Amino acid sequence: MASDLDALVRELQDRINEETRAVYGDVAFERWQNLIHRGAIDHPDGFARLTGTCGDTMEIYLKFKDEQVEQASFLTDGCGASAVCGSFAAEMAHGKTPDELVEITAETILQRLGGLPKEEEHCARLAAETLQEALNYYMTRQREKDSGGRDA
Ligand code: FES
């Protein structure tokens, strides 16, 4: 009896996975199964939290070393697509300088993951905008440090 139920649950799960893969594509589906770079970073150099018009919130954390991103991560309470986009945004940020980070946009995230259904493309925009805000935060703090250093 229990094994019949287990088999049914497995079959349903397989069907859901197949349908999800068909809608989102292999790259996004695989990432959804393994959301790397998820979690907060203590004492980040760059950080932002944005809430999209859909009501979902994204956080991006950046840690720099020698003007390059050494660590990047995301957190979101949003949909699966937003988690996938946050994960790719963090991955794409790794090793980048501030000038290179500016080039990470909703479009480049969508390209990287092979596109999303039209109605979920805004999830990539939320990830990209949060990343750019985290970069702004970093740049603002750098300028403050520089001007503080000069004034001292
Ligand atoms: Fe809100 Fe995806 S639906 S970020």
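What you see below is based on every heavy atom in this structure, not just the backbone, and it leaves out hydrogens, waters and symmetry mates. Quantities reported herein were computed from a predicted structural model and do not represent experimental measurements. In listed order, ligands and their atoms are each counted from 1.
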> Within less than 2.8 Å of atom 2 (Fe) of ligand 1, how many protein N/O/S atoms are there?
Replying inline: 2
> Under 4.0 Å between a Lys/Arg side-chain N and an Asp/Glu carboxylate O for Arg21 and Asp26?
Replying inline: yes
> What residues form a side chain to side chain donor-acceptor pair (under 3.5 Å) with Thr140, not counting sequence neighbours?
Replying inline: none
>> Before we go on, tell me: are the rings of Tyr24 and Phe29 under 6.0 Å apart, centre to centre?
In response: no
>> According to salt bridge (charged side-chain N to carboxylate O under 4.0 Å, His left out), who are the partners of Asp77, at least two apart in sequence or on a separate chain?
In response: none
> Would Glu30 and Asn34 satisfy side-chain hydrogen bond (donor to acceptor under 3.5 Å, both in side chains), going step by step from the backbone distance to the final call?
Replying inline: CA-CA 6 Å; Glu30 297 298 336; Asn34 178 28; over 6 Å; no
> Restricting to pairs with a member in residues 90-106, which pass salt bridge (Lys or Arg N to Asp or Glu O under 4.0 Å), not counting sequence neighbours?
Replying inline: Arg31-Glu91, Glu91-Arg112
